[in-house]
Amino acid sequence: MAARALVGKRVLMLDVGRQPVASAVDGLPRNANLYEQRRTAPDLFGPLIGENFESLHNLHQPPVSLKLKSPGMRYVVDGADSLSPTRTQGFEPTMSFATGGLANAWGAGVYRFTAQDLADFPITVADLDPFYDDLTRHIGISGALDDTAPWFGSAADLLPPIELSRFASGLLDGYQRHRDRFHRIGVSIGRARNAVLTRPHRGREAYQYGNMEFFRAHDPAVFNPAYTLRELVDAGRVEYLSNHLAVRYREVEGFGVEVEARDLSSGTTEAFAGRTLILAAGALNSAKLVLESNEDYKTRLPLLDNPMACLPLFRPQLAGKPLDRLDSSLGQLNLIQEFDGTVLQGSIYGAAGPLRSDVVFELPLAIRSNVEVLGLLAAASGLLMMFYPSAPHPENHLSLGSDGTLQLQCRYPEAGCPSREASIRALIPAFWRIGFLASIKLCPYPPMGAGIHYAGTLPMKDRPSPYELDPDGRLFGTRSVYVADGACFPRLPSKNLTFTIMANAMRIATKIRERVL
Amino acid sequence: MQVPNEQSGEALVAEVTHLHRSFFGSDPPVEVVKRYVSANGLMRVGPDPLTDRVVAGHLDPEAVELALRGAASAILRKKIQTLFYLVEVRSAYYPYFFTSAKGPLKVVAGMLHAGLYTLRQYLKGKWLVLRYHLV
C-alpha cells in the first residue's frame, strides 16, 4: 500500500512473490457452492485433497492453519521454512512469501483503530483517517452503521453487509432483543466489517457465497493487496521484481541505500540502489533484515501477537437443519467486549469452511459418533474467535541467530491483556440467555503465533532509540530506511491490524514523498 | 503420486480394505485404494504393530482406537483419518458425512445414539485390548 502513495516516484519492489499454482480447483465453476459441488461432483480429490495430498499435511508435518493446507492455498506458506528458518519457544509463527503475503488467506476483517487503540502510538486517529477513507473506497468494505461503530470508526462509503446465515442472523436477533443485558456486561454485537464486496466494485465481482475460502485463492470479491500491486504495475507506477529475497541493506553516504537481494532463480546475489528504502516484509522479517544489516546477533526485539480464545457456540433450534448456503468462512458478526478496562474484539464465524475430516478427529466420541454429531450440529454451530491486546514483555522477544535463524520466544502470552478465561466466562451466560449454548470447557486457547497478527518488533516512538522508529516510520540512526508494516506498532489492540498497517504504510509513504523531492 | 517406501503395497491394500469394510461396510473403490497406498508412502508411516494386529485379526478399528485413544493408537488413528479424507470428497459418501434435514426428535435420538454407541465401542475396545493383548 505504501507504493500507492508514492505517486510520481520511481518505485522498485523486491519480493519473493509466490503465486497461486495451477490446481484442480481452477476447474470448478467460479460461482459454485462448495457443498453443492461436494454433493454432485463424483470425485473432488484433486481440488480438495490434491494430487500430492496437500490437505493431509497436518497428519504428518507440523500443523498449519486449516486455511493454508489445501492444494489451492499451499502457495501462501510454501517455502517459508527454508526462506526464513526459525527456532521457537512458546510461539508458533506462520510466514508467507506470496505476493500480498498472509492477506492471501486472511479473514478480511477491517477495523479502524480508535483513539484508545492508538493510546501508546506517536500518531493519532486524525493522522490515519484520510488513509482509512481512501482505502475504504479503494478496497470496497462491507459493513453497517450499528452498535459496533463506536469501536470501528466511520461507516462512510461502506458497501452493504454480507448476507447472514441462519445461525448468525439468529444470534444478532437475540442480541437485539436483549441488548440491555448485553450492554450491562459491556458487550455490543454488529455486522462484520469485511474487505469483501457485496456488489461489483472497481472491476471486481461481488461475493458469490461459494464458501471456497479454504480451497481457492484470489476470490475477486475478497480483497488481496496483490490486486493493488497488479494495478500499480499495469499502470507503470511500480517496477516489480519477483523471486528476489532481500537479505540486508546498507546506507551509502551522500546517496541513499543499497539493498542486497538473492535471486532465487540463479542463487546469485544482486545489489539494488535507491534513495529511500521502505521495509514491508512483515513484522518478523523486517526485523530480521534490520538485525542482519547491523550484524547484530544479540539484541532482543519486542514481539507481539494477539492472544486468542475460540468459543464454539451451538443453537439447538438449528440442530438437524440442512447446511446453509449463506454460511462461509467469512466473519459474519463482530463482537466488542469491554472487560476489565480493556476493549476486546471477536468475530463470529460459521463452521462450514474446513473438511469434515479436519474436525471429526478433534471430537471426543467414537469416530462414527463424531460424524453423526457433526452432521446433526453443523448448521447449528459457530465459532466466536476472540482476540486480545498484546503489550511488550521482556520474555517475549525476537532475535537473530548467527546462523541467520530467527529466534522467537513467548513466555508470557497474556502480557497486556486481561484473563482470557475470565472474559469468556463473562460472555457465556448472555449467549445462553438468547438460546446459544457454550461451555468454557470447550474453549481452546490457541498457542501464541496462531493469531498471525505479528507486530511491535521495531516500534514507532516519539523519542526513538536503537531499533525503534520515529513517528514517520524512519529507523533510528538511519537517514533513509523506513519501516511500513506491523513492526511499527508499539502495542497491539484487540482488532485485526491489517487495515491499520495499510493506512499507516500510506501515511509513511506520503511523508516520504513530500520529503524526497 | 508417490509410492510407498516402508510398508508393502499388499499390506496397505489389506489395511485399507479392512478399515473401509469396518466403517462403510463394503470394499473401497479402486481409486481410494490407490490413493491410500500413495498417501501412506508420502507420509512415510511405517508398519504399525497395532494396526497390523487389528487388520490381521479383523478387529474393530474404531473400538480399539477409542479404547487406546492417545499415543498408543496415534498411527491407527492417522490411518483411519487418511481414509476419511480420501472418501469424504467423493459424492457417493456425501450422505455419510452430511445428514439430511431431521426434526427435533430425530436429533435428540441421534445424539443419544451417538453417546450410547460411543460407550458400547469403548467397552468393546477395552475388551479387545485385553482379549488380544494389544498393548
Side-chain angles (χ1 to χ4, degrees), chain A residues 24 34-61 69-71 215 314 316-323 352 354-380, chain B residues 1-2 22-23 29 31-32 35 38-45 61-63 65-67 69 77-111 113-122 124-125:
Chain A
L34 173 65
Y35 288 93
E36 190 55 25
Q37 288 290 306
R38 294 184 63 176
R39 194 175 64 78
T40 55
D43 188 355
L44 290 175
F45 172 76
L48 302 190
I49 302 294
E51 296 299 328
N52 292 308
F53 301 96
E54 289 89 340
S55 285
L56 274 58
H57 176 277
N58 290 358
L59 281 182
H60 58 100
Q61 290 187 57
K69 67 185 182 68
S70 73
F215 302 99
F314 302 99
Q317 269 179 291
L318 292 176
K321 295 285 186 289
L323 281 169
L355 292 170
R356 286 287 158 101
S357 300
D358 288 324
V359 182
V360 160
F361 289 81
E362 299 297 319
L363 302 180
L365 303 178
I367 293 166
R368 260 182 285 226
S369 295
N370 288 339
V371 173
E372 184 173 8
V373 167
L374 197 58
L376 291 170
L377 296 184
Chain B
M1 285 191 186
Q2 309 257 328
S22 300
F23 282 98
E31 295 90 345
V32 170
R35 289 166 184 165
S38 298
N40 274 268
L42 184 73
M43 292 190 293
R44 301 182 188 281
V45 177
E62 183 187 49
E65 185 278 331
L66 182 62
R69 188 164 287 177
R77 185 178 175 81
K78 280 184 182 180
K79 285 172 176 283
I80 297 169
Q81 193 171 2
T82 300
L83 173 64
F84 271 59
Y85 274 118
L86 298 180
V87 299
E88 82 153 293
V89 295
R90 299 170 71 84
S91 59
Y93 294 80
Y94 189 87
Y96 182 86
F97 287 94
F98 300 93
T99 47
S100 53
K102 286 186 169 56
L105 281 179
K106 286 192 173 175
V107 170
V108 173
M111 300 294 280
H113 175 261
L116 291 172
Y117 177 79
T118 294
L119 180 61
R120 191 197 101 175
Q121 287 297 83
Y122 181 78
K124 182 182 176 184

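All chains are named by letter (A, B, ...) in the order of the sequence lines, taking the proteins before the strands, and each is independently numbered beginning at 1.
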Undergrad: Could you tell me whether A/Gln317 atom CD has more than 12 heavy atoms of other residues or ligands within 6.0 Å of it?
TA: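 At most 12 heavy atoms, drawn from other residues, nucleotides or ligands, come within 6.0 Å of this atom.
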
Undergrad: Identify the heavy atoms of B/Ala101 and A/Pro322 that sit nearest to each other, and give their distance.
TA: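 Shortest heavy-atom separation between B/Ala101 and A/Pro322 comes out as CB-CD, 3.8 Å.
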
Undergrad: Can any side-chain N or O of B/Arg69 pair as donor or acceptor with the backbone N or O of A/Leu365 at less than 3.5 Å?
TA: yes

Undergrad: Just by modelled atom types, is the B/Gly115 backbone N or O under 3.5 Å from a matching donor or acceptor in the A/Ser369 side chain?
TA: no

Undergrad: For the interface with chain B, which of A/Leu374, A/Leu56, A/Leu355 has the highest count of heavy-atom pairs at distances below 4.5 Å?
TA: A/Leu355

Undergrad: Examine whether an atom of B/Tyr93 lies under 4.5 Å from a heavy atom of chain A, and if so say whether it belongs to the side chain, the backbone or both; otherwise answer neither.
TA: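 Neither part.
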
Undergrad: At a heavy-atom distance under 4.5 Å, which candidate from A/Asp358, A/Val360, A/Val373, A/Leu377 has the highest pair count against chain B?
TA: A/Asp358

Undergrad: First locate atom CG of B/Leu42, then atom CD of A/Gln61, and finally report the distance between them rounded to the nearest 0.5 Å.
TA: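 Between B/Leu42 CG and A/Gln61 CD, I get 8.0 Å after rounding to 0.5 Å.
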
Undergrad: Taking the side chain as every heavy atom from C-beta outward, state whether B/Leu86 and A/Phe53 have any pair of such atoms under 4.5 Å apart.
TA: yes

Undergrad: What I'd like to find out is whether the side chain of B/Phe98 reaches to under 4.5 Å of the side chain of A/Arg39, using heavy atoms alone.
TA: no

Undergrad: Given a strict heavy-atom distance threshold of 4.5 Å, which part of B/Leu119 is in contact with chain A: side chain, backbone, both, or neither?
TA: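 Interface part for B/Leu119: neither.
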
Undergrad: Which region of A/Leu363, side chain (C-beta onward) or backbone (N, CA, C, O), has a non-hydrogen atom less than 4.5 Å from a non-hydrogen atom of chain B, or is it both or neither?
TA: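 For A/Leu363, the backbone is the part near chain B, not the side chain.
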
Undergrad: Compare every heavy atom of B/Thr82 with every heavy atom of A/Leu59, then report the nearest pair and how far apart it is.
TA: CD1-OG1, 3.4 Å

Undergrad: Which heavy atom of B/Leu66 sits nearest a heavy atom of A/Ala366, and at what distance?
TA: CD2-CB, 3.8 Å

Undergrad: Chain A heavy atoms under 4.5 Å from B/Tyr122: which part of the residue, side chain, backbone, both or neither?
TA: neither

Undergrad: With heavy-atom distances below 4.5 Å as the criterion, would you say the side chains of A/Phe45 and B/Arg35 are in contact?
TA: yes

Undergrad: Between B/Thr99 and A/Gly375 (side chain of the first, backbone of the second, donor and acceptor by atom type, cut-off under 3.5 Å), is there such a pair?
TA: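 Yes: the side chain of B/Thr99 pairs with the backbone of A/Gly375.
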
Undergrad: Ignoring hydrogens and angles, tell me if any N or O in the side chain of B/Glu62 forms a donor-acceptor pair with the backbone of A/Arg368 under 3.5 Å.
TA: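 Yes; at least one donor-acceptor contact below 3.5 Å.
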
Undergrad: Just so I know, are the side chains of A/Arg356 and B/Phe84 near enough to count as touching, which here means a heavy-atom distance under 4.5 Å?
TA: no

Undergrad: I'd like to know which of B/Gln81, B/Glu65, B/Lys106, B/Met111 tops the heavy-atom pair count under 4.5 Å against chain A.
TA: B/Gln81

Undergrad: Quick one: closest heavy-atom pair of B/Tyr85 and A/Ile49, and the distance?
TA: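 What the structure gives for the nearest pair is O-CD1, 3.7 Å.
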
Undergrad: Can you tell if the side chain of B/Phe97 reaches within under 4.5 Å of the side chain of A/Arg38, non-hydrogen atoms only?
TA: no

Undergrad: Is it the backbone or the side chain of A/Ala319 that comes under 4.5 Å from a heavy atom of chain B, or both, or neither?
TA: both

Undergrad: A/Leu48 versus B/Glu88: any side-chain heavy-atom pair under 4.5 Å?
TA: no

Undergrad: Could you check which of B/Gln121, B/Glu31, B/Arg120, B/Arg90 has the highest count of heavy-atom pairs closer than 4.5 Å to chain A?
TA: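 Of the candidates given, the most pairs with chain A belong to B/Arg90.
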
